[in-house]
Amino acid sequence: MSELASQFKSDFLREFAARGCLYDCTDPEALDALFAKERVTAYIGFDCTAASLHVGSLVQLMTLRRLQQAGHRPILLMGGGTTKIGDPSGKDESRLLLSAEQIEANKQSILKGVQHLLRFGDGASDAIMTDNAEWLDRLDYVPFLRDIGRHFSVNRMLTMDSVKLRLDRDQPMSFLGFNYMIMQAYDFVELYRRYGCRLQSAGSDQWGNIVSGIDLGRRVENVQLFGLTTPLITTASGAKMGKTAAGAVWLNADQRSPYEYWQFWRNTEDRDVGRFLRLFTDLPLDEISRLEALQGAELNQAKIVLATEATSILHGRAAAADAAETARRTFEEGGAAAGLPTFTLKLPDGILNLAVATGLVSSNSEARKLIANNGLRLNDAIVSDPRLQVDQGALTADGVLKLSSGKKKHVLVKPA
RNA sequence: GGGGGAGUGUCCCGAGUGGCAAAGGGGGCGGACUGUAAAUCCGCUGCGUUACGCUUCGUUGGUUCGAGUCCAACCUCCCCCA
């Protein structure tokens with residue numbers, strides 16, 4: 001699709017495609033014309049299954065951001081209702097159902113985490129946040145079946161990937177999960193009714209659900225709706241974006257600090273730098289071309305730009321600058337920079353307990369193994385004795401301890 | 001309802017049919033080499049006060065000096081027949 005970039009007339013689609021964000025869309029010509037003609041209202045839905053979104057959702061969030069930057073109106077749809085059902089796509093097992101309270105708490109937390117990405121308000125292109133629980137929770141079963149259910153062919157639903165793949169692998173699927181796509185299709189129509197929303201965007205795996213919504217819109221509202229999908233982002237090595245050893249790369253600062261988030265991007269593989277700059281920053285394309293052309297160690301400069309820009313979008317310019325400075329002091333000067341993750345606690349007995357207390361390792365055994373592999377450092381000196389006692393005398397001039405696992409993970413400990 | 005099969009180290013896959021803390025792989029972590037990259041090589045990958053002890057193979061009982069392995073019941077899933 002990116003080769004079509006130059007053929008689009010609308011600013012939004014041209015830029016979107018040129019950045020490698022476009023995977024597929026329905027009726028490209030009509031959608032392009034719509035974007036060129038008027039302010040478009042578009043939505044993306046997010047599940048409330050966790051207290052924070054992670055990097056895997058970032059492409060979607062960036063899509064909303066770009067829509068807004070191009071003067072259109074993004075809707076952030078929180079799946080407070082659909083989360084009660086659970087998306088069957090891709091999962092091998094039905095997930096445990098979350099309680100309504102848990103879903104609501106997750107929703108609030110997610111919203112807090114994405115504040116910097118979009119401008120909310122009452123202006124013409126200000127972002128709107130809504131929750132599909134507002135309409136899904138109130139549905140009356142029989143009227144819903146008569147008005148909406150009649151438009152869905154079970155035969156067709158069975159052929160959709162989210163269902164088919166599951167059945168093909170002999171994995172169970174309850175009637176509950178089977179309804180997810182109907183709810184998502186209905187969301188689209190409801191958002192059209194409420195906000196004149198004409199476009200739904202999502203990852204490419206949601207194509208089937210999007211098309212269902214478009215079909216439903218034509219049948220019940222006689223309107224042409226559009227769908228737009230983004231590619232599934234993997235690293236050049238084939239790993240899914242945002243999954244690291246420590247778990248998902250969460251967007252909320254209380255789960256992954258701006259410094260750690262900055263580090264995540266700083267450690268991007270060489271081959272991904274240009275692509276990620278296009279996808280995850282607002283930098284102009286010619287600037288990105290210049291950065292990705294850097295060779296060898298020079299490319300580290302591009303990674304620093306990537307990290308700072310990406311962090312800035314999520315946490316703000318100041319937090320990004322702080323993170324960059326903390327990283328510079330830590331990695332280039334080898335110091336105990338104040339911006340590192342810091343734990344204030346009473347110094348425990350022995351180095352093992354200290355390492356566990358900071359979360360650098362999860363058990364004493366793991367700490368011992370790390371020490372045996374020369375992986376644990378206290379104030380940059382390799383710890384070789386697992387029985388090492390840590391007391392006030394070990395504090396640096398700043399009155400802290402710097403504890404490191406390997407060369408990249410550093411934390412500070414302040415005696416309480 | 002009848003017949004057959006499966007559930008293994010709480011990341012995943014997967015060997016194992018009486019001596020097992022349990023093969024192998026992926027993933028992950030650490031080390032070497034580098035550029036906070038990739039590739040490659042090496043080590044580690046249940047917990048603990050670590051030449052020892054404790055907990056682990058769907059659940060609960062049983063046989064045995066000893067059970068992931070044998071027996072019984074139960075739970076969950078899959079396949080075939082009805």
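Chain A is the first sequence line, chain B the second, and so forth, proteins listed ahead of strands; every chain is numbered from 1.
Between A/F12 and A/F16, the angle of the ring planes stays under 30°, which puts this pair in the parallel group of the 30/60° scheme.
In terms of the salt bridge (Lys or Arg N to Asp or Glu O under 4.0 Å) criterion, A/R73 has no residue partners (sequence neighbours excluded). Partners of A/R328 according to the salt bridge (Lys or Arg N to Asp or Glu O under 4.0 Å) rule, which considers only residues two or more places apart in sequence or in another chain, are A/E325, A/E333. In this structure A/K107 satisfies the salt bridge (Lys or Arg N to Asp or Glu O under 4.0 Å) test together with A/E104, A/D131, sequence neighbours excluded. A/D126 pairs by the salt bridge (Lys or Arg N to Asp or Glu O under 4.0 Å) definition with A/R119, not counting sequence neighbours. For A/E366, the side chain to side chain contact (heavy atoms under 4.5 Å, CB included) partners two or more places apart in sequence, or in a different chain, are A/V361, A/S362, A/S363.
Counting only residues at least two apart or in different chains, salt bridge (charged side-chain N to carboxylate O under 4.0 Å, His left out) contacts with residues 395-411 of chain A comprise A/D380-A/K402. Sorted by first and then second residue, the ring-ring contact (aromatic ring centres under 6.0 Å, His included) pairs involving residues 283-325 of chain A (not counting sequence neighbours) are A/Y261-A/H315. Among pairs with a residue in residues 57-80 of chain A, those fulfilling ring-ring contact (aromatic ring centres under 6.0 Å, His included) read A/F35-A/H72, at least two apart in sequence or across chains. Annotation: ring-ring contact (aromatic ring centres under 6.0 Å, His included) contacts involving residues 321-379 of chain A, sequence neighbours excluded, comprise A/F331-A/H410.
Summarising the base pairing, B/U34 is matched to no nucleotide, lacking a Watson-Crick or G-U wobble pair whose two defining distances lie under 3.5 Å. Figure legend. B/C77 is base-paired to B/G5; pairs are counted as Watson-Crick or G-U wobble with both atom distances under 3.5 Å.
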Please write out the pairs of protein N or O atoms and N or O atoms of nucleotides 44-50 of chain B separated by less than 3.5 Å, giving the distance to one decimal.
residue	atom	partner	partner atom	Å
B/C47	OP1	A/S363	OG	3.3
B/C47	OP2	A/K369	NZ	3.3
B/G48	OP1	A/N364	N	2.7
B/G48	OP2	A/S363	OG	3.4
B/G48	OP2	A/S365	N	2.4
B/G48	OP2	A/S365	OG	2.1
B/U49	OP2	A/N364	ND2	3.2
B/U49	OP2	A/R368	NH2	3.4
B/U50	O4	A/S365	OG	3.1

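Within residues 316-334 of chain A, the residues having any heavy atom closer than 4.0 Å to RNA chain B are, in order of number, A/A327, A/F331. Near RNA chain B, meaning a heavy atom under 4.0 Å away, the residues from residues 285-303 of chain A are A/G296, A/A297, A/N300, A/K303.
The shortest distance between the side-chain N/O atoms of A/K408 and the OP1/OP2 oxygens of B/A37 is below 4.0 Å.
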